Amino acid sequence: MKLDAAYYLNDDVIWLAKDLIGKVLYSNINGNITAGIIVETEAYFGVADKASHAYCGRRTNRTETMYNLGGVAYVYLCYGMHNLFNVVSSASGEPHAILIRAIEPLIGLEIIEERRKMPFTKSAISSGPGSAAKALGIDRSFNAKSLTGNEIWIEDHNIKYPEEQIAVTPRVGIAYAQEHALLPLRFFVKGNKYVSKPNKI
DNA sequence: ATGATGATAATCT
DNA sequence: GATTATCATCATA
């Protein structure tokens, strides 16, 4: 059920970003367990990716997390108010990561509703990376935490989407990345209401 | 429905 | 001091 450490050693972030669609992301905060089905991801392919914080091998306090051995969380603050959650993959020294952009609420709905102050029937409750992280209570205190521990982890519930139901589009919000801005590295479940905009092909 | 805009702070230069 | 892997709100249609 729970994905083991070996899963995260994969260095094919595109395959991983796609494979993570349909997996279930859990958080356990002081015994409050919440979880959601991952329905939208983006791949960031390390030092060669102009959209990555680790482009050209940049190592700073913030990006250091991504250089860890795969299987830890990379959480950082964006636009001064949003915590964005990423899965770090690959070998130590390879700063590959997958951004989780949206989840479909599955477990602990009351807690998620309280965190987001809206009913789970509203798609905005976990649509977009900032909202999805907030729905699960993920903030920067989760940065560099192991994904195989008991605070945050990912399970395989054998949820399968047929190939034709997975959309592939350019990534969102990275216009500065020049020729890498248009690469098809964003994956989402077609028609799922929790997918952030743009959600058409 | 679609598009513009302000909020707000860590991070890096 | 500029930038930012965004969101909610408000306007217009």
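We use all heavy atoms of the structure for the numbers below, so side chains are in, but hydrogens, waters and symmetry mates are not. Only a predicted model underlies this, so the values are computations on that prediction, with no experimental measurement involved. Here is the naming used below: chain letters follow the sequence lines, and residue numbers restart at 1 for every chain.
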ring-ring contact (aromatic ring centres under 6.0 Å, His included) contacts in which one or both residues fall within [range], not counting sequence neighbours:
range	value
residues 127-154 of chain A	A:Tyr26-A:Trp153
residues 82-127 of chain A	none
residues 165-201 of chain A	A:Phe45-A:His180

Contact string for nucleotides 4-13 of chain C, one letter per nucleotide 5' to 3', B = base within protein heavy-atom range under 4.0 Å, S = sugar-phosphate only, - = neither, reads BBBSS-----

- prompt: Other than A:Ile201, what residues sit in its cluster of Ile, Leu, Val, Met, Phe, Trp and Tyr side chains whose heavy atoms are under 4.5 Å apart, directly or through others?
  reply: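 Traced through the cluster, A:Ile201 reaches no other member.
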
Quiz item: Can a donor-acceptor pair be found between the side chains of A:Tyr7 and A:Asp19 at a distance below 3.5 Å?
Solution: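 Note: A:Tyr7 and A:Asp19 side chains meet the donor-acceptor criterion.
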
What pairs with [X] under salt bridge (charged side-chain N to carboxylate O under 4.0 Å, His left out), at least two apart in sequence or on another chain?
X	value
A:Lys145	A:Glu151
A:Lys50	A:Glu179
A:Glu42	A:Arg101
A:Arg186	A:Glu40

The dot-bracket string of DNA chain C, counting Watson-Crick and G-U wobble pairs with both distances under 3.5 Å, using [ ] for crossing pairs and | for pairs to another strand, is ||||.|||||||.

Would you please name every residue forming a ring pair (Phe, Tyr, Trp, His ring centres under 6.0 Å) with A:Tyr76, sequence neighbours left out?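 A:Tyr76 satisfies ring pair (Phe, Tyr, Trp, His ring centres under 6.0 Å) with A:His53, A:Tyr74 only.
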
Counted 5' to 3', the first and last nucleotides of DNA chain B within 4.0 Å (strictly under) of a heavy-atom of chain A are B:dA7 to B:dT13

